[in-house]
Amino acid sequence: MVLLKLLNLLAPLYFLCLLSVTLSIQFFLLLPGISGETSSALSFSSFIHNSLFVVLLVNVLGNYILTIWKSPHGSEIYAEAELSGKPFCYLCARVMGEQEHHCFFTGTCIGRSNLRSFVLFCLHASCSCFHAMVVGVGFISRSISLSLYDPMTFLRLLPLSITRFFSGTLLNSEMLVVLMIYLWFGVGIACAAFCCHHLILICRGSNGQQFHTTEISITTGKENLQRVFGKKWLFAIFVPQPKNK
């Protein structure tokens with residue numbers, strides 16, 4: 001139990017540290033490197049990358065805050081939950097009647113009230129990691145002459161960067177970008193997997209909203225998605241907003 005509480009405290013700190021380092025690298029290394037070119041084509045590319053970066057940043061932070069703000073609340077104590085047969089979250093001290101699981105990175109339970117914000121957070125976090133990874137690869141390719149069309153480049157990048165770093169031919173900032181490229185890749189894959197997993201559960205109608213109900217209803221995947229994301233789901237993808245009851 002102590003380890004779970006410690007993990008529940010450290011996981012959000014890990015996310016905030018990763019976000020801070022990503023913002024610093026994007027603001028001071030990657031985006032200025034793109035904007036520093038004088039070509040009109042590169043200027044347009046810089047505008048696209050800067051705009052995409054701002055949109056992803058707003059959505060990641062907005063949906064992360066909404067996930068915590070709209071976290072489900074329980075009013076029953078553990079003894080009452082045990083008698084009623086409902087699961088109980090010891091970390092949040094809440095009855096998990098509608099919750100799907102406890103997310104350590106947000107430090108709260110995920111239920112009907114914040115499921116949409118959590119799925120959109122995973123989606124935008126994955127996109128932002130892959131965007132940072134692509135820009136980082138373009139940045140580091142100026143210092144390390146590797147063909148990005150070769151599938152084995154990703155595997156050779158880290159050992160080659162370590163060799164050049166200890167030989168003094170690779171700057172500290174460039175080595176940091178190389179390490180972050182692999183971290184962005186791993187976090188992006190994990191967030192994409194979470195997003196796809198929850199979307200599949202929602203389409204199947206087994207996302208935790210029907211666990212403790214006695215009524216059996218047959219719904220389509222479209223109806224299940226609309227129940228979670230609402231009618232203004234397209235607007236919610238680009239602008240973080242709480243779900244109406």
Side-chain angles (χ1 to χ4, degrees), residues 1-27 52-74 87-134 136 176 179-202 206-209 211 228-229 233 236-243:
M1 190 61 187
V2 177
L3 293 178
L4 291 179
K5 290 184 177 180
L6 183 62
L7 180 61
N8 196 51
L9 177 64
L10 294 180
L13 294 178
Y14 169 78
F15 166 75
L16 294 177
C17 291
L18 176 61
L19 181 63
S20 301
V21 174
T22 301
L23 290 179
S24 301
I25 293 178
Q26 289 271 28
F27 275 124
L52 184 59
F53 171 72
V54 172
V55 170
L56 292 175
L57 174 62
V58 170
N59 280 276
V60 169
L61 288 177
N63 286 293
Y64 184 80
I65 295 174
L66 286 176
T67 302
I68 301 175
W69 179 36
K70 290 295 182 178
S71 59
H73 299 278
F88 189 82
C89 178
Y90 296 93
L91 296 174
C92 299
R94 294 172 177 149
V95 176
M96 299 178 62
E98 296 179 354
Q99 285 80 352
E100 208 172 50
H101 70 287
H102 182 91
C103 177
F104 289 98
F105 287 99
T106 59
T108 186
C109 292
I110 306 301
R112 183 184 302 180
S113 58
N114 62 351
L115 180 59
R116 182 180 75 169
S117 298
F118 177 73
V119 174
L120 293 178
F121 162 71
C122 292
L123 173 64
H124 290 101
S126 176
C127 293
S128 62
C129 285
F130 289 136
H131 172 259
M133 176 184 169
V134 171
L176 176 61
L179 296 177
M180 290 301 298
I181 286 174
Y182 287 90
L183 184 58
W184 287 328
F185 178 76
V187 175
I189 290 294
C191 291
F194 271 111
C195 182
C196 294
H197 173 70
H198 282 282
L199 287 176
I200 293 174
L201 292 179
I202 293 172
S206 56
N207 59 326
Q209 301 186 38
F211 280 170
V228 174
F229 292 96
W233 59 271
I237 293 179
F238 299 99
V239 180
Q241 57 178 339
K243 181 184 176 182

Just jot down the side chain to side chain contact (heavy atoms under 4.5 Å, CB included) partners of F194, sequence neighbours excluded, or say none. C122, H198
Find the distance between CG (L61) and CG (L23) and round it off to the nearest 0.5 Å. 7.0 Å
Separation between OG1 of T108 and CG of N114, rounded to the nearest 0.5 Å: 6.0 Å
Working note: R112 + K70, criterion side chain to side chain contact (heavy atoms under 4.5 Å, CB included); need CA distance, chi angles, decisive distance, verdict. CA-CA 9 Å; R112 183 184 302 180; K70 290 295 182 178; over 6 Å; no
Can you list every pair that meets side chain to side chain donor-acceptor pair (under 3.5 Å) and has a residue in residues 53-67, with sequence neighbours left out? none
Using the side-chain hydrogen bond (donor to acceptor under 3.5 Å, both in side chains) criterion, which residues pair with T22? Sequence neighbours excluded. W184
H131 NE2 to S126 OG distance, which is reported to the nearest 0.5 Å: 13.0 Å
Euclidean distance, S24 OG relative to L176 CG, rounded to 0.5 Å: 9.5 Å
Run the ring-ring contact (aromatic ring centres under 6.0 Å, His included) test on F104 and F15 for me, step by step, so that the C-alpha distance in whole Å, both residues' side-chain angles and the decisive distance to 0.1 Å come before the verdict. CA-CA 10 Å; F104 289 98; F15 166 75; over 10 Å; no
What pairs with L179 under side chain to side chain contact (heavy atoms under 4.5 Å, CB included), at least two apart in sequence or on another chain? L158, M175
Do Y14 and V187 come close enough that some side-chain heavy atom pair is under 4.5 Å? yes
Under the ring-ring contact (aromatic ring centres under 6.0 Å, His included) rule, collect the residues that match up with F238, sequence neighbours excluded. none
What heavy-atom pair brings G107 and P12 nearest, and what distance separates the two atoms? N-CG, 4.2 Å
Find the distance between CD (Q26) and OG (S128) and round it off to the nearest 0.5 Å. 8.5 Å
Can you check side chain to side chain contact (heavy atoms under 4.5 Å, CB included) on N8 and H102, steps first, answer last? CA-CA 9 Å; N8 196 51; H102 182 91; 2.8 Å; yes
Rounded to the nearest 0.5 Å, what separation is found between the CZ atom of F121 and the SG atom of C195? 11.0 Å
Can you name the one residue among V58, I237, V55 that meets side-chain contact (heavy atoms from CB on, under 4.5 Å) with H124? I237
Under the side chain to side chain contact (heavy atoms under 4.5 Å, CB included) test, which residues partner C103, sequence neighbours left out? H101, F105, T106, I110, F118
